[in-house]
Amino acid sequence: VQLAESGGGWVRPGGSLTLTCAASGDTFGIAAMGWYRQTPEKELETVALFIGDGGPEYGDSVKGRFTLSRDNAKTTMTLQMNSLKAEDSAVYYCYALGAVANWGQGTQVTISS
């Protein structure tokens, strides 16, 4: 499975950004798909995740502010991030669990004034 991320960048606190991840290759049987993030100071953190056919699950720090959606083919995800805070700054990684775990290259999100 290949994962192509887009979006990210810089925005002021309170702003919004959208991340997109498109999966290609052997996408049949992807069991989970979502976003993680990491900063140099913190461990890898779950942002939002689809597991199977269920609805998205969110990390506690983003609940109510971030929305994860996907297309009917379940190969493209969109992460809408609203009310962004400085602590949301991180490298965001797209993730898909197929036969093996697959990761995108990462996209930088910076929240600062």
Side-chain angles (χ1 to χ4, degrees):
V1 177
Q2 293 77 48
L3 301 173
E5 302 160 339
S6 61
W10 171 83
V11 70
R12 297 183 187 279
S16 299
L17 284 172
T18 303
L19 304 182
T20 300
C21 177
S24 61
D26 186 12
T27 60
F28 180 79
I30 289 178
M33 194 171 180
W35 290 92
Y36 289 78
R37 66 187 184 187
Q38 187 164 31
T39 67
E41 298 80 21
K42 294 182 180 180
E43 295 182 350
L44 194 65
E45 178 186 8
T46 302
V47 177
L49 194 64
F50 283 111
I51 300 177
D53 293 328
E57 299 180 6
Y58 298 95
D60 288 340
S61 62
V62 306
K63 285 180 181 177
R65 299 187 297 121
F66 290 14
T67 301
L68 183 64
S69 60
R70 60 183 171 183
D71 66 353
N72 289 335
K74 300 180 181 178
T75 57
T76 301
M77 294 187 301
T78 299
L79 181 67
Q80 178 65 43
M81 305 185 292
N82 298 327
S83 302
L84 284 161
K85 307 174 182 179
E87 50 263 42
D88 294 318
S89 297
V91 178
Y92 284 67
Y93 294 94
C94 179
Y95 166 84
L97 179 62
V100 298
N102 301 274
W103 296 90
Q105 77 279 7
T107 185
Q108 178 70 48
V109 170
T110 302
I111 315 303
S112 69
S113 55

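Positions are given from 1, in the same order as the sequence printed here. These numbers were taken from a predicted model, which means no experiment stands behind them.
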Any chain of hydrophobic side-chain contacts (each under 4.5 Å) joining [X] to [Y]?
| X | Y | value |
| --- | --- | --- |
| Val91 | Trp10 | no |
| Leu79 | Val1 | yes |
| Trp35 | Leu3 | yes |
| Val11 | Met81 | yes |
| Val62 | Val109 | yes |

Tyr36-Trp103 aromatic ring centre distance below 6.0 Å: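 For Tyr36 and Trp103, the ring centres are under 6.0 Å apart.
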
Shortest non-hydrogen contact from [X] to [Y]?
| X | Y | result |
| --- | --- | --- |
| Gln80 | Ser16 | NE2-CB, 3.8 Å |
| Gly8 | Leu17 | O-CD2, 4.1 Å |
| Phe50 | Pro56 | CE2-CD, 3.4 Å |
| Leu49 | Leu68 | N-CD2, 3.7 Å |
| Gln2 | Gly25 | OE1-CA, 3.6 Å |
| Lys74 | Met33 | O-SD, 3.9 Å |

For the residue pair Arg37 / Ser61, report whether a side-chain donor-acceptor contact shorter than 3.5 Å exists.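 Side chains of Ser61 and Arg37: pair found under 3.5 Å.
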
Distance alone, cut at 3.5 Å: any donor-acceptor contact between the side chains of Thr107 and Glu5?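 Result is no, nothing qualifies.
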
With the side chain counted from C-beta on, respond yes when Ser69 and Met77 share a heavy-atom pair under 4.5 Å apart, and no when they do not.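 A side-chain contact under 4.5 Å is absent here.
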
Decide yes or no for Asn102 and Tyr95: does some side-chain heavy atom of the first lie under 4.5 Å from some side-chain heavy atom of the second?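 The answer is no, as the side chains (C-beta and beyond) never meet within the 4.5 Å cut-off.
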
Residue Glu43 excluded, over 12 heavy atoms near CD under 6.0 Å: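 For Glu43, atom CD is not crowded (no more than 12 foreign heavy atoms under 6.0 Å).
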
May I ask you to say whether Lys63 pairs ionically with Asp60, meaning some side-chain N is under 4.0 Å from a carboxylate O?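 Salt bridge: yes.
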
Ile30 CD1 to Thr75 OG1 distance, which is reported to the nearest 0.5 Å: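 One finds 7.5 Å between CD1 of Ile30 and OG1 of Thr75.
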
Got a donor-acceptor contact below 3.5 angstrom from the Ser89 side chain to the Ile111 backbone?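 Yes; judged by distance alone, with no hydrogens or angles, the pair exists.
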
